[in-house]
Amino acid sequence: MEGIIFDIKHFAVHDGPGIRQTIFLKGCPLSCWWCHNPESQDPKPEKFIRIHKLDGQEYKKEETAGYQISVGELFTIIQGDQIFYEESGGGVTFSGGEPLMQYEFLAEMLKLCKMNHIHTCIDTTGYASLKIIEKIALLADCFLFDLKLMNHKSHQKYTGVPVERILNNLRWLDNNQANVVLRFPVIPGITDTTKNIGEIKSFIQTLQNIHQIDLLPYHDVANGKYERFHKENKMKGTRPLSDREMLNLKLEFEAIGLKVGIGG
Ligand code: SF4
């Protein structure tokens, strides 16, 4: 069986416990305004032109984002860093895009990792059928689960999909005592409003087993990518929050008893 990935990050330290290898699977059902990886959204490999500068000259080169890889090939790459997982209590994180979009490939990878005692995390939007969530929850050790906007209309507007399925899946994972760390992308003027933060805190307080959240600061690092992939950058010119503002937000979530990290 083969999947399509677009990147592999070695020695990642913000994608779950310990030192990890993060595999980025291609394809995402969402289209968030602030996406740092716009090349992740299309499920198929995409061609683009990269401009290289050398001695004041510009050179254009056609490249492709995304490639097919077999379960066996990818597992060999994962095993290459196994000593670091063992030493640090780390493992592998499947990210994207949305890794659940390729859930059959993902399930095969998770089975192999489980058989070889490699810890696994799924970095997910939670936007998948409950059947898929149930299957993957049997195989994965941990979910890094995004919570973005609680209001239905806002979620639809800024991510392109409704929020209900995501909240239902999160509640199912909580009821079934899955190991979940929440992730909150702090997007100026969109997700960081007093109303949205208040609603997110109220929702989290109804969960029984989830006690940790990572705040993911907005960065404007993807501007070049939007140009390369001819995609509209709706966040152009947005100022990231200051360290002080992020710290205040951290204190706010800590005040409801959560363990809070910044970054991811
Ligand atoms: S869920 Fe993540 S990968 Fe998908 S569009 Fe949103 S930010 Fe991009």
Side-chain angles (χ1 to χ4, degrees), residues 3-9 12 14-16 22-46 48 65-67 93-103 105-106 121-129 132-133 136 140 143-170 173 180-192 196 200 213-236 238 240-241 262-264:
I4 299 179
I5 66 171
F6 68 96
D7 203 3
I8 296 176
K9 185 162 76 180
H14 293 294
D15 297 332
T22 304
I23 316 286
F24 295 87
L25 280 77
K26 203 153 161 28
C28 184
L30 279 64
S31 47
C32 306
W33 283 28
W34 54 85
C35 185
H36 288 174
N37 291 321
E39 76 276 30
S40 72
Q41 294 173 8
D42 189 325
K44 296 184 294 303
E46 276 172 281
F48 66 97
Y67 55 94
T93 298
F94 294 94
S95 182
E98 170 48 70
L100 299 177
M101 264 188 92
Q102 299 185 54
Y103 74 92
F105 175 70
L106 178 64
C121 286
I122 310 296
D123 179 12
T124 182
T125 66
Y127 191 76
S129 73
I132 290 176
I133 297 280
I136 297 299
F143 286 84
L144 309 175
F145 197 111
D146 275 11
L147 260 190
K148 300 179 174 80
L149 289 152
M150 296 303 291
N151 178 271
H152 168 76
K153 272 192 185 164
S154 304
H155 201 278
Q156 182 76 48
K157 175 177 173 185
Y158 291 110
T159 74
V161 302
V163 72
E164 287 78 4
R165 168 186 267 192
I166 293 169
L167 298 181
N168 291 341
N169 287 339
L170 180 55
L173 287 170
V180 177
V181 176
L182 298 171
R183 298 190 129 192
F184 176 47
V186 184
I187 312 301
I190 299 179
T191 67
D192 73 339
N196 188 49
I200 284 188
I213 189 165
D214 287 336
L215 309 179
L216 312 181
Y218 167 79
H219 297 295
D220 51 8
V221 289
N223 288 348
K225 287 189 184 178
Y226 277 90
E227 282 169 25
R228 277 203 293 282
F229 287 89
H230 304 291
K231 294 192 175 171
E232 185 191 357
N233 183 358
K234 293 177 177 161
M235 301 298 292
K236 205 169 181 177
T238 303
L241 263 67
I262 295 181

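Note that ligands are numbered from 1 as they come in the structure, with each ligand's atoms numbered from 1 the same way. Source: prediction; values computed, not measured.
Relative ring orientation between F6 and F24 is described as tilted, the plane-to-plane angle lying within the 30° to 60° band.
A distance-only check finds no donor-acceptor pair linking the side chain of D123 to the backbone of G16 [under 3.5 Å]. Panel note: side chain E46, backbone G66; no donor-acceptor pair is recorded below 3.5 Å.
Here CG of D146 is found 10.5 Å from CG of L170. Values are rounded to the nearest 0.5 Å.
Looking at G96, C32, C28, it is C32 that brings a heavy atom closest to atom 6 (Fe) of ligand 1.
Under a 4.0 angstrom heavy-atom cut-off, Q41 registers as being in contact with ligand 1.
Among protein heavy atoms, the minimum distance from atom 1 (S) of ligand 1 is reached at T125 CG2, 3.2 Å. Looking at atom 8 (Fe) of ligand 1, its nearest protein heavy atom turns out to be C35 SG, 2.3 Å.
Ligand-side atoms of ligand 1 in range of S40: 3 (S), range being under 4.0 angstrom from any heavy atom.
Residues that satisfy the salt bridge (Lys or Arg N to Asp or Glu O under 4.0 Å) test with K44, not counting sequence neighbours, are D42.
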